[in-house]
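Before any comments, here is the structure.
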Number of protein chains: 2
Amino acid sequence: MYALALAPGQAYLLIDRKNVRLMPDTRTQILDLAENAIRLRGYHAVSFRDLADEMGIKSASIHYHFRHKEDLGLAVVDRYADRIATQVGAPDAQDWPRSLALFCQVYRDALRKNQLQCLCGMLAAESAGLPDKVATRVSEFFRGNIAWLTAAMPPDMPDKPGLALRIQCQLQGAMTVAVSLKDLSVMDRAAQQICASAAD
Amino acid sequence: MYALALAPGQAYLLIDRKNVRLMPDTRTQILDLAENAIRLRGYHAVSFRDLADEMGIKSASIHYHFRHKEDLGLAVVDRYADRIATQVGAPDAQDWPRSLALFCQVYRDALRKNQLQCLCGMLAAESAGLPDKVATRVSEFFRGNIAWLTAAMPPDMPDKPGLALRIQCQLQGAMTVAVSLKDLSVMDRAAQQICASAAD
DNA sequence: ATACATCTACCTACTACTAGATAGATACAT
DNA sequence: ATGTATCTATCTAGTAGTAGGTAGATGTAT
């Protein structure tokens, strides 16, 4: 079996007689599992041991990649924020309805993809009990979203920051309620209503 | 020192030579502390030991009142739901704007009173990692709120359940974002906007 | 005498985290 | 080409501390 690094921190191309498979490297695998676990159960309910067991390695090996739990938490949040930023791209003030629809879509996908709420929704709820740095990154994520929405609005719009904040809150709340009620359509309906009310 | 039970599960009248004080009984004290701790840090970050230390008793004594952590969680949620139900009273379909304002006010007070988010907001976020019964009560709380709002709307209103759900989500999201941004005015602005948009 | 509430003292399982070792790959100077 | 040193990723085996939970004794009020 041969393993070939494609890009640092990304993946190995694993080659054996039967398969040619793209396998995430260990660090990426840890981040993936940690993100899922946090989004499902919350920061405090995630343990190095559980993650390690799921991967078939020892918890000490996770500490090799992320010295402290806080480091893992920060890495998960940063990667998540980057991913969302990539997905929404640069705000386009030329076409506000389209930008808004895209924003809502990204939020909906986050929930729909694996029935898990947005990472920062979970961490925001927990924020008073998180390590300071992690809580700060989470609030920066929200501030970034609000700034993006504001920048995507046409110049003549009144009370842009107020509307941006409202949209952020609505999507966030819909996600939380959808998860609790186990009814993901709550999220879809919220997104639809937000887009519709922005069209006038 | 004399202690006189005023009402079961409520309080003792503590009398010593210096003071006549109303002291919550142990069970109530545990519920108070647990509720605060859960609203601040989340279910999993609350421990019997911490609660006991804060009260100056032993954790075994908390187990006497609440055999399992799940029992404590259920009691906290039930008491919270009852309290909110008492605060909002019966829905009054004669005066929808007033009912809505009252509902929003109760939500705002929950946040404002001790800078802590709504219990069920926190637990809803964590719901996938909670004991089933606790998660169920939380979702019942939301369903109850939505039913209350629906019942308080005038009979001729279109899409009552949709609007009720939206209001619930907006308040919930505003609370989460307010806590993360450490800016409680987010909540006030959301409440104001909801009431304003219902006035037309 | 009984019921209640609390205590002491413990258990098992799990937490984050660490020290020290090792096998295998990589880099580089001779 | 070979030997030396370094790096990477993992392991075993542990630390101290905390989790929820329990059995049984002790005090106290009626």
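Lettering of chains follows the sequences in order, A, B, ..., and the numbering in each one begins at 1.
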B:Ile62 side chain near B:His65 side chain, heavy-atom distance below 4.5 Å: no
Does any non-hydrogen side-chain atom of B:Leu171 lie less than 4.5 Å from one of B:Cys169? no
Side-chain (A:Gln117) to main-chain (B:Ala125) donor-acceptor, under 3.5 angstrom: yes
Donor-acceptor pair, side chain of B:Asp53 and main chain of B:Asp50, under 3.5 angstrom: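 It does not hold such a pair.
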Under a plain distance cut-off of 3.5 Å, with no hydrogens placed, do B:Asp109 and B:Gln105 share a side-chain donor-acceptor pair? yes
Report the distance from atom CG of B:Asp25 to atom P of C:dA5, rounded to the nearest whole Å.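 Going from B:Asp25 (CG) to C:dA5 (P), I get 9 Å.
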Just how far, in rounded Å, is C1' of D:dA25 from NZ of B:Lys58? 16 Å
Would you indicate, yes or no, if D:dT10 has its OP1 or OP2 atom less than 4.0 angstrom from a side-chain nitrogen or oxygen of A:Tyr64? no
Return no unless some side-chain N or O of B:His65 is found under 4.0 Å from OP1 or OP2 of C:dT6. yes
Check residues 147-155 of chain A and write down every donor-acceptor pair under 3.5 Å in which the side-chain atom is one partner and the other belongs to a residue at least two apart or another chain.
{"residue": "A:Trp148", "atom": "NE1", "partner": "A:Gly89", "partner atom": "O", "Å": "2.8"}
{"residue": "A:Thr150", "atom": "OG1", "partner": "A:Ile146", "partner atom": "O", "Å": "2.7"}

So if I define the base as every atom that isn't primed, P, OP1 or OP2, how would nucleotides 17-22 of chain D read as a B/S/- string at a heavy-atom cutoff under 4.0 Å? --BBBB
